[in-house]
Amino acid sequence: MIDAKLKELGIELPDAPAPAANYVPAVLSGNMLYISGQIPVKDGAMVATGHLGGDVTVEQGQAAARQCAINILAQVKTALEGDLERIVRCVKLTGFVSCTPEFTQHPQVINGASDLMVEVLGDRGRHARAAVGMAALPLGVAVEVDAIFEVA
């Protein structure tokens, strides 16, 4: 059902990217799956770099957050050996927004990730969330998102 929904939405999950440092991309502990922060990489290129409130628009930030969510689902699929139906629910997303000190639209930016989770997972995609501003993020990306899932 989830794979069919992804296909219906025209979303093809990429291969899960390897970690860039000394950590693992996912940890399964009991029935909880923790996904490390994902950046907005698509086809080997960054979707958005820079700062919201500066050289990145809210719409560009939302697109970056959406790509982060797609990359999260790719990590989930790998961690669950290809079986996305094991997702019971998306429990929490934390969105990090690289922004100027005056920028206050963090929730609107991270809606790009939240909306994708609900689009793909339906009620299983409704989650708790934090959206916070940062001075800088790895590789100069505009957005990073991590996630926690309950799985069967």
Side-chain angles (χ1 to χ4, degrees), residues 1-9 11-49 51-52 56 60-99 103 105-152:
M1 181 171 167
I2 295 172
D3 285 326
K5 187 64 174 178
L6 286 165
K7 187 173 184 175
E8 175 188 321
L9 294 169
I11 298 170
E12 185 174 331
L13 296 181
D15 291 335
N22 189 18
Y23 65 91
V24 294
V27 171
L28 181 60
S29 181
N31 66 338
M32 302 303 289
L33 179 61
Y34 299 84
I35 303 296
S36 294
Q38 299 296 301
I39 59 175
V41 177
K42 181 177 183 179
D43 300 326
M46 299 300 167
V47 171
T49 57
H51 292 82
L52 277 289
V56 179
Q60 290 169 320
Q62 288 169 336
R66 181 179 177 89
Q67 187 61 47
C68 290
I70 289 168
N71 295 343
I72 285 169
L73 289 175
Q75 293 290 1
V76 171
K77 188 167 188 168
T78 297
L80 299 179
E81 299 174 343
D83 188 3
L84 290 172
E85 292 306 319
R86 288 180 55 196
I87 296 172
V88 173
R89 81 171 303 154
C90 179
V91 176
K92 185 174 185 192
L93 295 181
T94 303
F96 305 93
V97 179
S98 180
C99 62
F103 186 77
Q105 295 177 280
H106 311 86
Q108 291 89 332
V109 171
I110 302 305
N111 279 348
S114 293
D115 292 349
L116 185 275
M117 287 300 169
V118 174
E119 272 184 81
V120 172
L121 303 175
D123 283 341
R124 293 190 274 179
R126 299 194 184 284
H127 52 272
R129 188 179 87 177
V132 297
M134 313 301 282
L137 290 169
L139 304 175
V141 296
V143 180
E144 180 176 350
V145 182
D146 71 13
I148 303 170
F149 290 84
E150 180 185 357
V151 299

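Nothing fancy with the numbering, it's 1 onward along the sequence.
The OG atom of Ser98 lies 11.5 Å from the CG atom of Leu139; values are rounded to the nearest 0.5 Å. Distance OG1/Thr49 to CG/Leu137: 11.5 Å, rounded to 0.5 Å. With values rounded to the nearest 0.5 angstrom, Glu8 atom CD is found 12.5 Å from Asp3 atom CG.
Contact record, Met117 with Cys90: CG-SG, 4.4 Å, taken as the closest heavy-atom pair. Heavy-atom minimum distance, Leu93 versus Ala147: CD2-CB, 3.5 Å. Glu85 and Met1 get closest at one heavy-atom pair: OE2-N, 3.0 Å. Residues Ala65 and Ile110 approach most closely at CB-CA, 4.2 Å, considering heavy atoms. When every heavy atom of Val151 is checked against every heavy atom of Val88, the shortest pair comes out as C-CG2, 3.7 Å. When all heavy atoms are compared, the tightest approach of Val118 to Gly125 is CG2-O, 3.8 Å.
By the side chain to side chain donor-acceptor pair (under 3.5 Å) test, Lys92 is found to be paired with no residue, residues two or more places apart in sequence or in another chain being considered. Checked against salt bridge (charged side-chain N to carboxylate O under 4.0 Å, His left out), Asp115 has no partners two or more places apart in sequence or in another chain. For the side chain to side chain contact (heavy atoms under 4.5 Å, CB included) test, residues two or more places apart in sequence or in another chain that qualify with Gln105 are Val58, Phe103, Gln108. For Glu12, there are no salt bridge (charged side-chain N to carboxylate O under 4.0 Å, His left out) partners two or more places apart in sequence or in a different chain.
You'll find the side chain of Leu73 stays beyond 4.5 Å of the side chain of Ile11, heavy atoms only. The shortest side-chain heavy-atom distance between Leu52 and His106 does not fall under the 4.5 Å cut-off. Under the 4.5 Å side-chain criterion, counting only non-hydrogen atoms from C-beta, Val120 is in contact with Leu6. In this structure, the side chains of Phe149 and Gln75 stay at 4.5 Å or more apart for every pair of heavy atoms. At least one side-chain heavy atom of Leu84 sits under 4.5 Å from a side-chain heavy atom of Leu13. Looking at Arg89 and His127, their side chains never come closer than 4.5 Å, going by heavy atoms from C-beta outward.
Under the salt bridge (charged side-chain N to carboxylate O under 4.0 Å, His left out) criterion, no residue pair touches residues 130-152, with sequence neighbours excluded.
Although no hydrogens or angles enter the test, the distance criterion places a donor-acceptor pair under 3.5 Å between the side chain of Arg129 and the main chain of Pro107. A donor-acceptor pair under 3.5 Å links the side-chain atoms of His51 to the main chain of Ala135, judged by distance alone. For the pair Gln62 (side chain) and Asn111 (backbone), a donor-acceptor distance under 3.5 Å is absent.
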What side-chain donor-acceptor pairs closer than 3.5 Å can you find for residues 14-41, not counting sequence neighbours?
{"from": "Tyr23", "atom 1": "OH", "to": "Ala20", "atom 2": "N", "distance (Å)": "3.3"}
{"from": "Ser36", "atom 1": "OG", "to": "Val24", "atom 2": "O", "distance (Å)": "2.7"}
{"from": "Gln38", "atom 1": "NE2", "to": "Ser36", "atom 2": "O", "distance (Å)": "3.0"}

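When each of Arg124, Arg126, Arg66, Lys5 is checked for a salt bridge (Lys or Arg N to Asp or Glu O under 4.0 Å) with Glu119, only Arg66 meets the rule.
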